[in-house]
Asker: 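Below is one structure. I have some questions about it.
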2 protein chains.
Amino acid sequence: MADAPDPRVTRSRAAVLAAARDLLREEGPAALTHQRVAARAGVGRATVYRHWPQPEQLLTDAMAGVSMPFFLDPTTPVRAWLRQQLRVLADELVLPDVLAVTTSLLHGAVWQPAITERRDRLAAAMADRLRRALASAVHSGELRPAGDLDDAAALLIGPLLYRAVLEPRRPVPDTLIARLLDQVGAWADDGTS
Amino acid sequence: MADAPDPRVTRSRAAVLAAARDLLREEGPAALTHQRVAARAGVGRATVYRHWPQPEQLLTDAMAGVSMPFFLDPTTPVRAWLRQQLRVLADELVLPDVLAVTTSLLHGAVWQPAITERRDRLAAAMADRLRRALASAVHSGELRPAGDLDDAAALLIGPLLYRAVLEPRRPVPDTLIARLLDQVGAWADDGTS
DNA sequence: CTACTTCTGAGTCAACTTGTCTCATAGGAT
DNA sequence: ATCCTATGAGACAAGTTGACTCAGAAGTAG
């Protein structure tokens, strides 16, 4: 039972992680050295080494602080839920914290196996959630799909990702989201246009 | 007139850039230190410093070696040309060299102004080329657009980018590309289905 | 072929960073 | 009040960085 967490440990970890998140957002993952994080957190350098012997773990934990709870708990009608989820995703993706974590994840995944695994889990989770939600809509008769449901993640999230990382100054209009929705298939008219 | 390029300079630059590209592909931009590049290129460390005083320039030049000549010189019918361009783009994006440059570009653009500018130029060029090609198709009556042509880049390239950086093990089937094409608008029947 | 200019690579050097270790001390449990 | 443990300060060797020097090789011009 790890039931008695020393308050000092809790405090140190929190301060370091907050500093790491700030540095990640402001200057990118390369700034997450033990020294800089320790200085920013107002903490001894040795303390950072104690809790995170390898800088990679520090980056991982800092990224984990920004979670991505998208496409969870679908509601009916699925179309309205999906529209709202895509809207939220588009808006969140351009937030500095989220963008920093996203690009660091995509970038790090190319060369660091630990991050590759994280990325794969995220991608699989998103694809799976979307597939399930859409499958339920198909089952209930709300949606007549226009193609493989396994492609839905790429089709729906892809354009939002493109805007966030390649054209960050162009916001995603609601009309674009509507277009993405229509592309998934034919939706039964539910009055929400 | 810089008409007399010293062969020694040419040779050194070529060797260093080749080494830099290899390192970028194999280990990412963080590996592009003067020391490692010099060692890999079989060149003196001072030589690398002479030509690229700042490591950032070295990264930029190494990335420039992998160009992205997509969506150039549209032909008619535009639909067939676009399908072929998307096919090539999807296939190229997963190549190690291209993927390394792409993710480094997206990642670096978040914090390094020089790379931000590169990314913006690339994004603007792709959007512009696509917009022009589609506009000509509209003008010739080949395409009846289903929405803003300025969104075409995000709609067409976004899903391919998503697959490349988030689901690199899932190839892009031709059926997905066909789906992307149909989403741009209604194409006049040209017999190529 | 000779004399010149320029680039190269090896090396030195100080400043800095990294990872490890020690130790006095303060915060927190009992 | 007493013990325990995490902390922060600092020391330390090893490695890296960026700047510099210099002899010699490569290339050019006569």
Asker: A:L106 versus B:H107: any side-chain heavy-atom pair under 4.5 Å?
Answerer: no

Asker: Whole angstroms only, please: what is the CG-P distance between B:L32 and D:dT17?
Answerer: 12 Å

Asker: For the CD atom of B:Q84 and the OG1 atom of B:T75, what is their distance to the nearest 0.5 Å?
Answerer: 8.0 Å

Asker: Between C1' on D:dT17 and CD on B:E56, what's the gap in Å once rounded to a whole number?
Answerer: 17 Å

Asker: With rounding to the nearest 0.5 angstrom, report the CG to CH2 distance, A:L24 to B:W111.
Answerer: 6.0 Å

Asker: Assess whether a salt bridge exists between B:D151 and A:R163, defined as any Lys/Arg side-chain N lying under 4.0 Å from an Asp/Glu carboxylate O.
Answerer: yes

Asker: Return the minimal non-hydrogen interatomic distance between A:R87 and A:P173, and the atom names on each side.
Answerer: NH1-C, 3.8 Å

Asker: What is the distance, rounded to the nearest whole Å, between atom NE2 of A:H51 and atom C1' of D:dT7?
Answerer: 9 Å

Asker: Could you write nucleotides 17-30 of chain C as a row of B, S and -, 5' to 3', where a protein heavy atom under 4.0 Å of any base atom gives B, of only sugar-phosphate atoms gives S, and otherwise -?
Answerer: SBBBB----BBSS-

